[in-house]
2 protein chains.
Amino acid sequence: MTPDTARSDAGFTVGRALRPTAKVLPEHARAHNRALVLQTLLAGGAASRADLARETGLTRVTVSDLVAELIAEGLIVELGHREDARPGKPATLIDFARDAHRILAVDLSEHSLVRGAVVDVDGNVLERIELPLDGATGDAVVELVLDVLVRLQALADAPVLGIGIGSPGVVDRVGVVHSAPNLGWREVDLQRRVAVATGLPVHVGNDANAATLAELRGTASDDLLVVTVGRGVGAGVVLGGRLVFGSAWAAGEIGHVVVGTDGGAPCACGKEGCLETWLSVPRLEARLAAADGEEAREAVLREAGRRLGIVLAPVVGALNLSELVVSGPEELLGGALLGATADTLRNRTMAELTRDLRLRMTAHGKDIVLRGAAVMVLSGQLGVS
Amino acid sequence: MTPDTARSDAGFTVGRALRPTAKVLPEHARAHNRALVLQTLLAGGAASRADLARETGLTRVTVSDLVAELIAEGLIVELGHREDARPGKPATLIDFARDAHRILAVDLSEHSLVRGAVVDVDGNVLERIELPLDGATGDAVVELVLDVLVRLQALADAPVLGIGIGSPGVVDRVGVVHSAPNLGWREVDLQRRVAVATGLPVHVGNDANAATLAELRGTASDDLLVVTVGRGVGAGVVLGGRLVFGSAWAAGEIGHVVVGTDGGAPCACGKEGCLETWLSVPRLEARLAAADGEEAREAVLREAGRRLGIVLAPVVGALNLSELVVSGPEELLGGALLGATADTLRNRTMAELTRDLRLRMTAHGKDIVLRGAAVMVLSGQLGVS
DNA sequence: GTTTGTTAGTAAAGCTTACGAACAAACAGC
DNA sequence: GCTGTTTGTTCGTAAGCTTTACTAACAAAC
């Protein structure tokens with residue numbers, strides 16, 4: 001049932017140490033070039049066929065051929081002649097048919113609600129639905145998700161390209177949620193169930209990974225790590241422009257890594273001093289409430305930021321990241337906390353590693369997982385992002 | 001429509017979130033398939049064309065075509081008919097021409113000598129040369145390397161496929177050593193200089209990365225980290241079967257990450273409590289010499305192992321690795337030290353992450369970088385490993 | 001108004017690549 | 001000897017990209 005292609009690494013041997021594992025046919029090459037044309041349009045905006053040829057390296061002939069195919073499928077539209085005055089035959093502008101498709105996105109990362117949205121291919125949220133979770137678990141959550149999706153579909157003003165769902169927990173590449181304690185899920189084949197119920201293409205991923213994809217779309221960095229801070233603490237890792245899944249789909253699980261060698265508060269997991277005990281929103285709020293005065297409050301934030309830096313330092317060293325992004329409540333994380341993290345990273349790693357490292361809050365706010373879920377659909381259906 | 005189509009992946013855009021960036025032509029696909037055939041033979045040993053077709057998924061026709069090309073190039077040889085009695089036309093066995101090519105490998109990771117070897121395509125060291133470094137730096141080291149290579153070439157009993165060099169420091173993808181303090185190198189284009197001098201294909205990489213490639217070749221793991229312990233401490237990271245280079249070619253630089261929150265010995269880099277101050281061979285030996293009695297010596301080793309575990313815990317969490325390999329003096333690292341690292345990792349990360357994690361010493365011993373340098377050549381020249 | 005030069009897009013032909021169909025060779029088993 | 005099986009090759013075909021050559025359409029210069 002699992003398609004071979006889902007696991008096959010059909011990439012070319014560009015990355016040196018990559019063992020070739022599956023055959024590659026000319027039609028795969030064409031699919032890649034097709035995605036390349038789409039990607040160029042999606043990211044760069046309207047252009048002529050000749051522009052696309054110059055940018056992709058393909059010939060004008062090939063681009064014309066691919067464009068004709070994409071126009072026939074309704075993914076690309078002709079906009080008419082370019083206005084500006086240049087010598088030569090005026091160019092026919094074409095663009096990604098941005099209003100021809102919508103994406104349904106679902107965010108399950110919030111503790112108490114299911115968030116859904118109709119999103120366009122540029123990541124703009126057009127319609128929104130939020131249903132309370134009310135402590136539901138197991139199948140009830142799946143039903144709730146389907147309920148949200150039915151309502152979203154009614155709100156969509158164009159055909160739906162696909163459904164993207166960001167779920168907490170361990171999610172594999174084909175959309176099976178192996179474990180999501182908060183939702184009472186174990187081995188739930190969410191991809192299949194939603195696909196069967198809706199008849200649409202469905203892509204399910206871990207919520208932190210979805211957030212990371214949203215971030216990746218807006219940055220030039222190819223090596224970044226996104227830390228998500230909420231009730232729990234998670235992370236998504238991109239290396240060489242590629243999301244890291246890990247050997248058991250559990251990459252990014254840094255919330256229960258012990259920080260430092262000086263103890264810490266007891267954690268729900270049984271250990272002491274896990275990152276979550278320093279950084280999770282409930283813990284941070286509790287500490288802030290207990291703190292007396294502005295100075296004490298800032299000390300709480302700085303200490304949390306320091307702990308984050310302590311955990312990230314070995315990761316930055318091992319991976320030579322170029323960007324660290326933090327997602328979560330900006331009023332808690334954006335100020336002294338992030339500053340302390342930056343200081344700590346500088347103090348605990350080689351200067352060469354932090355010199356070109358950017359550390360910042362996300363600009364996506366609360367929509368980050370929704371937008372990431374949309375990226376999952378774009379990527380899965382069209383090979384673009 | 002069906003979940004099947006919903007799960008289909010778009011050919012080359014592997015790993016979902018990979019932006020297509022370059023065109024792909026049919027000839028690239030052929031190069032990939034060619035490497036696939038070679039890889040299958042190299043790893044699986046002699047086989048018939050029909051065997052290869054079954055294993056690769058290509059047709060017998062295509063395999064025959066590729067094999068003919070490879071035979072013409074001398075990379076593959078026919079061995080004659082298969083002996084075993086089966087119905088049907090007897091198969092003609094073919095195999096990688098293992099004795100038709102040699103690789104020259106150079107290891108610059110040792111502090112006091114240049115190690116060189118003639119290596120066969122299976123990674124066996126056939127001839128060895130070691131020249132003392134005698135404190136040489138800069139151009140003198142380059143000359144020494146060229147000297148070693150001339151001698152090695154005289155010892156090679158078959159045409160040389162290429163030269164692989166594992167160097168300490170920051171080495172980029174095209175073989176420029178941006179910084180290797182021990183050798184007095186800054187921005188040394190080692191690849192070009194050796195290629196010009198020898199007229200052979202040359203591949204230069206970081207020594208820890210080379211070691212990691214050697215390890216990768218012998219394991220089924222696609223997500224592993226190799227820690228190299230010598231005068232310094234370094235690491236190489238493989239994720240999804242692919243070496244991680246980092247945004248500035250500095251991935252794996254964990255030697256100067258500060259460990260823990262309880263101070264430590266001063267380090268040459270100016271900080272205190274870097275991993276190297278706990279784990280490097282000179283520091284370890286000094287501490288062991290100062291320790292009084294077997295119990296104290298074991299405490300030293302256990303503490304060093306614990307510090308390694310503290311640094312690796314966040315990395316294991318972030319990446320969900322399946323294998324950790326340690327390279328270095330086995331008498332120091334192999335016993336109590338490694339045991340303490342394992343204990344520490346278990347105590348400081350989620351149980352799910354360590355359950356399937358293997359932690360072990362390398363089996364390559366001192367030849368690990370030489371073998372890895374050979375893998376670099378195999379990979380770079382033939383697309384195999 | 002004409003000429004010149006440039007750019008956009010298309011058409012035709014050719015090369016490369018992989019595939020399917022068909023076949024001969026070579027063998028085991030009866 | 002006959003049948004069935006397996007191997008490896010030959011032949012023709014489809015897909016995909018390129019090169020070459022063309023038409024259309026424009027700006028600039030005269």
Side-chain angles (χ1 to χ4, degrees), chain A residues 10 12 20 22-37 40-41 46-72 76-95 383, chain B residues 10-12 20 22-38 40-41 46-72 76-95 383:
Chain A
F12 290 105
K23 66 173 175 178
V24 170
L25 303 183
E27 67 202 78
H28 298 135
R30 184 169 176 91
H32 179 97
N33 291 336
R34 207 185 94 114
L36 176 59
V37 168
T40 306
L41 280 180
S48 70
R49 292 169 175 84
D51 293 335
L52 290 172
R54 276 185 290 268
E55 195 150 345
T56 61
L58 295 162
T59 61
R60 290 198 308 262
V61 179
T62 303
V63 169
S64 278
D65 191 38
L66 289 167
V67 165
E69 184 181 306
L70 291 164
I71 286 178
I76 280 184
V77 287
E78 285 198 338
L79 302 179
H81 284 185
R82 178 182 270 152
E83 288 301 319
D84 58 351
R86 295 196 293 187
K89 176 179 172 180
T92 313
L93 285 180
I94 53 181
D95 195 8
Chain B
F12 286 106
K23 65 172 174 178
V24 170
L25 303 182
E27 66 202 81
H28 299 135
R30 183 171 175 91
H32 179 96
N33 291 335
R34 210 184 91 114
L36 177 58
V37 167
L38 267 182
T40 306
L41 279 180
S48 71
R49 292 168 174 84
D51 293 334
L52 290 172
R54 276 185 291 266
E55 196 151 343
T56 60
L58 295 162
T59 61
R60 279 177 310 182
V61 180
T62 304
V63 169
S64 278
D65 191 40
L66 289 168
V67 165
E69 183 180 308
L70 291 165
I71 286 178
I76 280 185
V77 287
E78 286 199 339
L79 302 178
H81 284 186
R82 175 183 270 150
E83 288 301 318
D84 59 349
R86 295 196 295 187
K89 176 179 171 179
T92 312
L93 285 180
I94 52 182
D95 196 8

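Computed over heavy atoms, backbone and side chain alike; hydrogens, waters and symmetry mates excluded. All chains are named by letter (A, B, ...) in the order of the sequence lines, taking the proteins before the strands, and each is independently numbered beginning at 1.
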In whole Å, I'd like the distance from the [atom1] atom of [X] to the [atom2] atom of [N].
X: A:L58; N: D:dA15; atom1: CG; atom2: P; value: 19 Å
X: A:E78; N: C:dT10; atom1: CD; atom2: P; value: 8 Å
X: B:H81; N: D:dT6; atom1: NE2; atom2: C1'; value: 12 Å
X: B:H28; N: C:dA18; atom1: NE2; atom2: P; value: 13 Å
X: A:H32; N: D:dA15; atom1: NE2; atom2: C1'; value: 18 Å
X: B:D65; N: C:dG20; atom1: CG; atom2: P; value: 15 Å
X: B:I94; N: D:dG8; atom1: CD1; atom2: P; value: 8 Å
X: A:L25; N: C:dC19; atom1: CG; atom2: C1'; value: 9 Å

Nearest-neighbour nucleotide for the [X] side chain, [options] considered:
X: B:L66; options: C:dG9, D:dC17, C:dA18; value: C:dA18
X: B:P90; options: C:dG9, D:dT19, C:dA26; value: C:dA26
X: A:S48; options: D:dC11, D:dG8, C:dA8; value: C:dA8
X: B:A50; options: D:dT7, C:dA8, D:dC17; value: D:dT7

Taking OP1 and OP2 of [N], is either one under 4.0 Å from a side-chain nitrogen or oxygen of [X]?
X: B:S64; N: D:dG8; result: no
X: B:R60; N: C:dG20; result: no
X: A:N33; N: D:dC17; result: yes
X: A:R54; N: C:dG9; result: no
X: B:T92; N: D:dG8; result: yes
X: A:T62; N: D:dT18; result: yes
X: A:R34; N: D:dC17; result: no
X: A:R30; N: D:dA15; result: no
X: B:T59; N: C:dC19; result: yes
X: B:K23; N: D:dT18; result: yes

TODO: State, with a plain yes or no, whether a side-chain heavy atom of A:H32 is found less than 4.5 Å away from one of B:H28.
DONE: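 No, side chains not in contact.
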
Open item on the list: Less than 4.5 Å apart, side chain to side chain, heavy atoms only: is that true for A:H81 and A:T92?
Closed with: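 A:H81 vs A:T92: side chains touch.
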
Task: Nearest-0.5 Å distance, CG of residue A:L66 to CG of residue A:L36 - done: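 So the gap between those two atoms works out to 9.0 Å.
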
Open item on the list: Mind checking if B:V63 touches a base, just sugar-phosphate, or nothing, with heavy atoms under 4.0 Å?
Closed with: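 Counting heavy atoms under 4.0 Å across all strands, no contact is made by B:V63.
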
- [ ] Say whether B:D65 and B:T62, considering side chains only, have a donor N or O and an acceptor N or O under 3.5 Å apart.
- [x]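 No, no side-chain donor-acceptor pair sits under 3.5 Å.
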
Task: Any-strand Watson-Crick or G-U partner of C:dA22, both distances under 3.5 Å - done: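 With both distances under 3.5 Å, C:dA22 matches D:dT9.
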
Open item on the list: Looking at every heavy atom in both B:V24 and A:A29, which two are closest together, and how far apart are they?
Closed with: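 For B:V24 and A:A29, the tightest heavy-atom pair comes out as CG1-CB, 3.6 Å.
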
Task: B:R49/B:E78 ion pair, N-O < 4.0 Å - done: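 Looking at B:R49 and B:E78, the cut-off is met.
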
